[in-house]
Protein chains: 2
Amino acid sequence: MEIQLALDRLSIEEAIRITREAEKSIDLIEVGTSLIKEFGMEAVSKIREAFPNKTIVGDIKTIDNAIYEFDLCFNAGGDIATVMGVSSIHTIDACLNTAAKHGKKAMIDLLNTTIEQRVSLFQYKEAIFCEHISKDEQEMAGRNNMDKVSFVPSLEWAVAGGITIDSIENMIESESRPHIVIIGSAITKADHPGKIAAAFKEIIG
Amino acid sequence: MEIQLALDRLSIEEAIRITREAEKSIDLIEVGTSLIKEFGMEAVSKIREAFPNKTIVGDIKTIDNAIYEFDLCFNAGGDIATVMGVSSIHTIDACLNTAAKHGKKAMIDLLNTTIEQRVSLFQYKEAIFCEHISKDEQEMAGRNNMDKVSFVPSLEWAVAGGITIDSIENMIESESRPHIVIIGSAITKADHPGKIAAAFKEIIG
């Protein structure tokens, strides 16, 4: 299991400072949607520059205009870009093709997808799938049951949504474990991000 | 009918130059998703500054983190912000509330929504609804049948997706007309954006 640190609702400078503290314990750095919508691709390129050896995920949440947006993200230094599973299949297709053209990867965010959409998405064996409880659902509907998810074997899985030191213990114990756990505010809002990141790393082993 | 000029795949400077040429013939200025993902909220604030008296739509395509993103857009000078209809209803709800708090508006983009989602969205009488054929569907599936849409009366409607001088004629003639037509590359990629914008205005009367 790898740790993806999600950077959201921060300035680029704060994001870099926090990531520097947690750097040793994390594997992927996610430039969050809020950073991209606030600062644009500069958020991706500055974080790329600060961490030249980490895998950078641009959480650009593409839902149309696939080629243009994926090109933007990869050209700014991203290694993985995200597309919404609720998009038209033409958009998903173009994202996967653009990622392949760059020798990079697409992560398909399953937020709010129907069963039918999931079934048609699982054909994209080269993608990473992200099982995702949205921030708004966590805060407004109190939804936080990520530990009950079962992942389709043979596909690569990430999980996101309010993961804490307590909830990650359930994931470790469950039979089906994701490849990537995406952790945001549990690290970024901690008094000592480096210590919390190290604790997560210790737990997942 | 009002004209919303959608600015996409341009630098901020080009966007301002083109809008200046078309200014007299258009009603709303849309800062497109591609500008926001490339340049962040600076795209909204610079276009706000350049056109202090126009209605500015920030096509931020929110799908989570509603309050934060809508606050960002309105604080940067946007008058209307967009949310995807495929989002969780908690996200839609928070967008509408945040817009009301700012005395601004939300536009709900119906891209790829199911009938069930539409029915539950139509409760938001204070929103603007956008019937939208995505750029990827236009280019990759040749879909361009916007003239067959019928709009729920009592709601405010916008339409987007590859609208040209030819296709707008059908909309004018049809029984049910949208309140806002969103026009992008037909104006922004024209040799003389001002002349084409004037031609659109002439047609819609």
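The sequence lines fix the lettering, A, B, ..., with proteins before strands; numbering per chain opens at 1.
The distance from the NZ atom of B:K135 to the OG atom of A:S88 is 13.0 Å, given to the nearest 0.5 Å. Here OG of A:S87 is found 8.5 Å from CG of B:D136. Values are rounded to the nearest 0.5 Å. Here NE2 of A:H90 is found 12.0 Å from CD of B:E139. Values are rounded to the nearest 0.5 Å.
Here the closest heavy-atom approach between residue A:K61 and residue B:I63 is recorded as CD-CG2, 3.5 Å. Across all non-hydrogen atoms, the minimal contact from A:I36 to B:K37 is CG2-O, 3.9 Å. Across all their heavy atoms, A:D64 and B:H132 have their closest contact at OD2-NE2, 4.1 Å.
Of the listed residues (B:L111, B:N112, B:I89), the one with the most heavy-atom contacts under 4.5 Å to chain A is B:N112.
Of the two parts of A:Y68, only the side chain, counted from C-beta on, holds a non-hydrogen atom closer than 4.5 Å to a non-hydrogen atom of chain B. Both the backbone and the side chain of A:E38 come within contact range of chain B, judged by heavy atoms closer than 4.5 Å.
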Subject >> Residues B:N65, A:R9; criterion side-chain contact (heavy atoms from CB on, under 4.5 Å); working and verdict >> reply: CA-CA 10 Å; B:N65 204 10; A:R9 296 174 290 282; 2.9 Å; yes

**OP:** Check the pair A:T91, B:M140 against side-chain contact (heavy atoms from CB on, under 4.5 Å), reporting the backbone distance first and the verdict last.
**Re:** CA-CA 9 Å; A:T91 298; B:M140 297 167 202; over 6 Å; no

